[in-house]
Amino acid sequence: MGFPTKVQLIKRQASEQWYINFPSAVAQAMEFARGETVEWIVESKAMLALRRTQPPPSVLKKTPPASSATSTSSGANASPLSTSAVSPRAPKPSP
């Protein structure tokens, strides 16, 4: 979903200043901080990208995959498949 925003121009005697404001919802979702430094990148005349020089850390913790299917899990909420999962396509043992 896009957020339509108007480009503003303020002309002074010696200079011009262009403004593009972020809607509050976008700024809050991105967790911008007051005074934060960002970098504009012109991808094309139709695409302007904004890059954060120091983005905040991710709130999602990255957990490494389980090391093996034989690891044990303690706790009452452990899944019955967490300690011994059997693949439905496992080869049958030869007699």
Side-chain angles (χ1 to χ4, degrees):
M1 175 178 171
F3 287 89
T5 304
K6 291 198 177 204
V7 176
Q8 300 173 25
L9 170 61
I10 296 178
K11 289 188 174 189
R12 297 188 178 97
Q13 287 182 337
S15 66
E16 296 179 345
Q17 186 130 20
W18 296 82
Y19 290 91
I20 300 174
N21 292 314
F22 286 103
S24 181
V26 173
Q28 290 175 6
M30 291 293 295
E31 297 181 2
F32 281 118
R34 182 178 182 178
E36 184 174 347
T37 301
V38 295
E39 177 182 16
W40 289 104
I41 297 138
V42 179
E43 291 287 329
S44 68
K45 291 193 179 202
M47 181 67 65
L48 182 63
L50 180 72
R51 181 183 314 175
R52 295 174 101 163
T53 55
Q54 295 183 351
S58 175
V59 295
L60 300 176
K61 293 183 180 182
K62 295 179 183 177
T63 57
S67 59
S68 68
T70 59
S71 64
T72 60
S73 175
S74 61
N77 294 333
S79 169
L81 295 177
S82 65
T83 57
S84 61
V86 178
S87 171
R89 296 181 186 228
K92 294 180 181 181
S94 59

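All values reported here derive from a predicted model rather than from experimental measurement. Numbering of residues begins at 1 and proceeds along the displayed sequence.
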Going by the rule side chain to side chain donor-acceptor pair (under 3.5 Å), which residues pair with [X] if we only count those two or more places apart in sequence or in a different chain?
| X | value |
| --- | --- |
| Gln17 | Arg12 |
| Gln28 | Ser24 |
| Arg51 | none |
| Thr37 | none |

For this session: Mind jotting down which residue pairs meet the ring-ring contact (aromatic ring centres under 6.0 Å, His included) criterion with at least one end in residues 8-29? Sequence neighbours excluded, please.
Result: Phe22-Phe32
Exercise. Which residue pairs satisfy the ring-ring contact (aromatic ring centres under 6.0 Å, His included) criterion with at least one member in residues 37-61, sequence neighbours excluded?
Worked result: none
Problem set entry | Lys6 side, atom NZ; Ile20 side, atom CD1 - distance, nearest 0.5 Å | 13.5 Å
For this session: Output every pair passing salt bridge (Lys or Arg N to Asp or Glu O under 4.0 Å) with a member in residues 15-38, not counting sequence neighbours, ordered by first then second residue.
Result: Glu36-Arg52
Seminar exercise, completed: With sequence neighbours left out, the residues meeting side-chain contact (heavy atoms from CB on, under 4.5 Å) with Ala29 are none
Exercise. What residues, two or more places apart in sequence or in another chain, satisfy side-chain contact (heavy atoms from CB on, under 4.5 Å) together with Ser44?
Worked result: Ala46, Met47
For this session: Following the transitive rule for hydrophobic clusters with a side-chain heavy-atom cut-off under 4.5 Å over Ile, Leu, Val, Met, Phe, Trp and Tyr, establish whether Phe3 and Met30 coincide in one cluster.
Result: yes
Exercise. Do Leu48 and Val42 have side chains that get closer than 4.5 Å, going by heavy atoms?
Worked result: yes
